[in-house]
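The block underneath contains the structure these notes are about, expressed in structure tokens.
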Amino acid sequence: MPDCYSAEIRSRVMAAVRSRQNKSTEIALIALLKEWHITGWRRGVKIMGNPDFVFPRERLVIFVDGCFWHGCPRHCRLPATNPDYWSAKIERNKRRDKTVASGLRRRGWRVARFWEHEFARRGVIGARLVRLMANARPRSKASS
């Protein structure tokens, strides 16, 4: 089905759409952090890539990636309408994700990503978060 708007109008409309973040998965991650007693996280920190969660002391950033927008190999299905556009859009997102992650790592940050579908297995995410935090904290002299 052809678009009822000209390319110029559609471009303006789409450019005006702003992400409101993936609220349901971010809320699920907040609940997990609280459930597993993981503290020290911040949201809305203005660093490269705008991570969903930042642990400044541990130099750890967490991104929660939606399966469609970030091209999950298991769940991303392109819409039948305008598949070339969506394929290119998702590929750009994936390239940007890699660029952001490597830029943050060069700046001394550790980067963790969670897929939207992983939240079906809360215990696995909780255990991974605990490992990330344990590996981030400096060792005390007594344990060396």
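For clarity, every value in this text was computed on a predicted model and none was experimentally measured.
Of all heavy-atom pairs between Gly40 and Pro56, the closest is O-CD, 3.5 Å. Residues Met48 and Thr99 approach most closely at CE-O, 3.9 Å, considering heavy atoms. Closest approach of Ile90 to Cys76, counting heavy atoms only: CD1-SG, 3.6 Å. Closest of all the heavy-atom pairs between Trp109 and Leu60 is CE3-N, 3.4 Å. Closest heavy-atom contact between Gly123 and Trp36: O-CZ2, 3.9 Å.
The cluster map of Ile, Leu, Val, Met, Phe, Trp and Tyr, joined by side-chain heavy atoms under 4.5 Å apart, puts Phe53 and Val111 in different clusters. A single hydrophobic cluster is not seen to contain both Leu129 and Val54; linkage of ILVMFWY side chains at heavy-atom distances under 4.5 Å, directly or through other members, places them apart. Under the 4.5 Å side-chain heavy-atom criterion for ILVMFWY residues, no single connected hydrophobic cluster contains both Val45 and Ile62.
Atom OG1 of Thr25 and atom CG of Leu29 lie 8.0 Å apart (nearest 0.5 Å). The distance from atom NE2 of His70 to atom CZ of Arg113, rounded to the nearest 0.5 Å, is 7.0 Å.
Partners of His75 according to the side-chain contact (heavy atoms from CB on, under 4.5 Å) rule, which considers only residues two or more places apart in sequence or in another chain, are Cys67, Cys72, His117. Applying the side-chain contact (heavy atoms from CB on, under 4.5 Å) test to Asn50 and every residue at least two apart in sequence or in another chain returns Lys46. Qualifying salt bridge (charged side-chain N to carboxylate O under 4.0 Å, His left out) partners for Lys94, counting only residues two or more places apart in sequence or in other chains: Glu91. Residues that satisfy the ring pair (Phe, Tyr, Trp, His ring centres under 6.0 Å) test with Phe63, not counting sequence neighbours, are absent from this structure. Every residue meeting the salt bridge (charged side-chain N to carboxylate O under 4.0 Å, His left out) condition with Arg122, not counting sequence neighbours, appears here in chain and number order: Glu35. The side-chain contact (heavy atoms from CB on, under 4.5 Å) search around Arg128 returns Ala112, Phe114, Glu118, Arg131, Leu132, not counting sequence neighbours. Listed by chain and number, the residues in a side-chain contact (heavy atoms from CB on, under 4.5 Å) with Arg121 are Val124 (sequence neighbours excluded).
Considering only heavy atoms from C-beta on, Trp86 stays 4.5 Å or farther from Thr81 through its side chain. Between Val61 and Ile47 the shortest side-chain heavy-atom distance falls below 4.5 Å. Pro73 places a side-chain heavy atom less than 4.5 Å from the side chain of Trp115.
In this structure, Ser87 contributes its side chain and Pro83 its backbone to no donor-acceptor pair below 3.5 Å. Within the 3.5 Å criterion, the main-chain N or O of Val64 finds a donor-acceptor partner in the side chain of Asp52.
A cation-pi arrangement is not found for Arg42 relative to Phe55, the charged atom failing to lie both closer than 6.0 Å to the ring centre and inside a 45° cone about the ring normal.
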Test side-chain contact (heavy atoms from CB on, under 4.5 Å) on Ile30 and Trp41; report intermediate values, then the result. CA-CA 9 Å; Ile30 289 170; Trp41 50 273; 3.9 Å; yes
